[in-house]
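Atoms considered below: every heavy atom in the structure, side chains included; atoms not considered: hydrogens, waters and symmetry mates.
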2 protein chains.
Amino acid sequence: MKDVISILRHCGIQPTPQRIAVVEYVLKNKSHPSADEVLSSARKRCPTVSRATVYNTLNLLVEKGLLAMQTIKEGAVVFDSNLEKHHHFIDMDTGRIYDISWDQLQVKGKEKLKEFEVTEFQVIMRGRKKKG
Amino acid sequence: MKDVISILRHCGIQPTPQRIAVVEYVLKNKSHPSADEVLSSARKRCPTVSRATVYNTLNLLVEKGLLAMQTIKEGAVVFDSNLEKHHHFIDMDTGRIYDISWDQLQVKGKEKLKEFEVTEFQVIMRGRKKKG
DNA sequence: TCTTATTTTAGACGCTGTCAAGACTTTTCG
DNA sequence: CGAAAAGTCTTGACAGCGTCTAAAATAAGA
Ligand SMILES: [Mn+2]
Ligand SMILES: [Mn+2]
Ligand SMILES: [Zn+2]
Ligand SMILES: [Zn+2]
């Protein structure tokens, strides 16, 4: 994986310590963190970083297409470093969100929806992750 | 459709004027309103109804299985009087949410997800509704 | 009626997310 | 190099969502 500084430079974003702290965490993280979790983690590396800067950086990353935003959980939007198309499974006990790769599910019938022009879709599943 | 008072009685919920105002609106509404929209509408019928009562009533209905809660839109949870299994289409221009009946789409492959026990799922689509 | 249980209300609270203003840093350029 | 400009960060305020509490209002029961 390319290092964070060159990723930012490549997108015309100046790599500041605060942004690096945010990006380092959020882009290497597969756990779909909320903005608040990103803030906490970024503060470990850069204790003075503010909430506004975290939101600014996250929104910037989303704008540049380096990060996806998902609204699949109550209470707060969640950020997703997985840029491939994929589906989601939400464990109802733990709240954890798991990625389900695109080709594991097949969805048929969208073409038949005459009134709707579907530009994106995903399957959202809820249940329990089996142990082990 | 059964009248609201007997629905409430049948579930052991005392039908008060406030609850009737809320339930009357939310159970007959196909437009996936937010709690705030429910509050506004309930106040037309019962101008003094409070925010807490609206939330209490909505949560009660969800608990009793008379109403579904969907977290598919940013900013606020949305309430769904359609209790049949179904999918959703979200118009990215207007924000409106449309129901897609269950048999219009087929989702295959869930059984093959060995690590996950799927108890519910739906397809969420985004795009534009065609005019006319 | 008196007593008790249920319901409603207003307001406070904590959380999410945005915004404006000023401070601070980094470039640009004389 | 120093001054001005541009870019960035922080703070604090703000608005909306959703929950909670305490007190008032209402209904139910004896
Ligand atoms: Mn955002
Ligand atoms: Mn709720
Ligand atoms: Zn994901
Ligand atoms: Zn629906």
Nearest whole angstrom, please: distance from the [atom2] of [N] to the [atom1] of [X].
| X | N | atom1 | atom2 | result |
| --- | --- | --- | --- | --- |
| B:L58 | D:dC20 | CG | C1' | 17 Å |
| A:L39 | D:dC9 | CG | P | 14 Å |
| A:R43 | D:dC9 | CZ | C1' | 13 Å |
| A:R9 | C:dT27 | CZ | C1' | 14 Å |
| B:R19 | C:dT7 | CZ | C1' | 6 Å |
| B:K73 | D:dG18 | NZ | P | 12 Å |
| A:R51 | C:dA20 | CZ | P | 16 Å |
| B:D36 | D:dG18 | CG | P | 9 Å |

Checklist outcome for this item: Against the side chain of A:Y55, the closest entry in D:dG18, C:dG17, D:dT19 is C:dG17
Item to check | Nearest-neighbour nucleotide for the A:Q14 side chain, D:dG7, C:dG17, D:dC9 considered | outcome: D:dG7
Would one find a side-chain N or O of [X] under 4.0 angstrom from OP1 or OP2 of [N]?
| X | N | result |
| --- | --- | --- |
| B:T16 | C:dT8 | yes |
| B:T48 | C:dT9 | yes |
| A:Q18 | D:dT10 | yes |
| A:N59 | C:dT18 | yes |
| B:S50 | C:dT8 | no |

Checklist outcome for this item: Rounded to the nearest 0.5 Å, the OH atom of B:Y25 sits from the CD atom of B:E37 at a distance of 6.0 Å
Next on the checklist: Ignoring hydrogens and geometry beyond distance, is a side-chain donor-acceptor pair present between B:D80 and B:H88 at under 3.5 Å?
Outcome noted: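 Short answer, yes.
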Next on the checklist: Is a donor from one side chain sitting under 3.5 angstrom from an acceptor on the other, for A:Q104 and A:S101?
Outcome noted: yes
Checklist entry - If you look at every strand shown and take non-hydrogen atoms under 4.0 Å, does A:A52 touch a base, only sugar-phosphate, or nothing? => result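 Contact class for A:A52: base.
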Checklist entry - Between the side chain of B:D91 and the main-chain N/O of B:K129, is any donor-acceptor distance below 3.5 Å? => result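 Side chain of B:D91 to backbone of B:K129: a pair is present.
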Item to check | Pair A:D99-A:H87, side-chain hydrogen bond (donor to acceptor under 3.5 Å, both in side chains): steps then yes or no | outcome: CA-CA 6 Å; A:D99 284 353; A:H87 306 288; over 6 Å; no
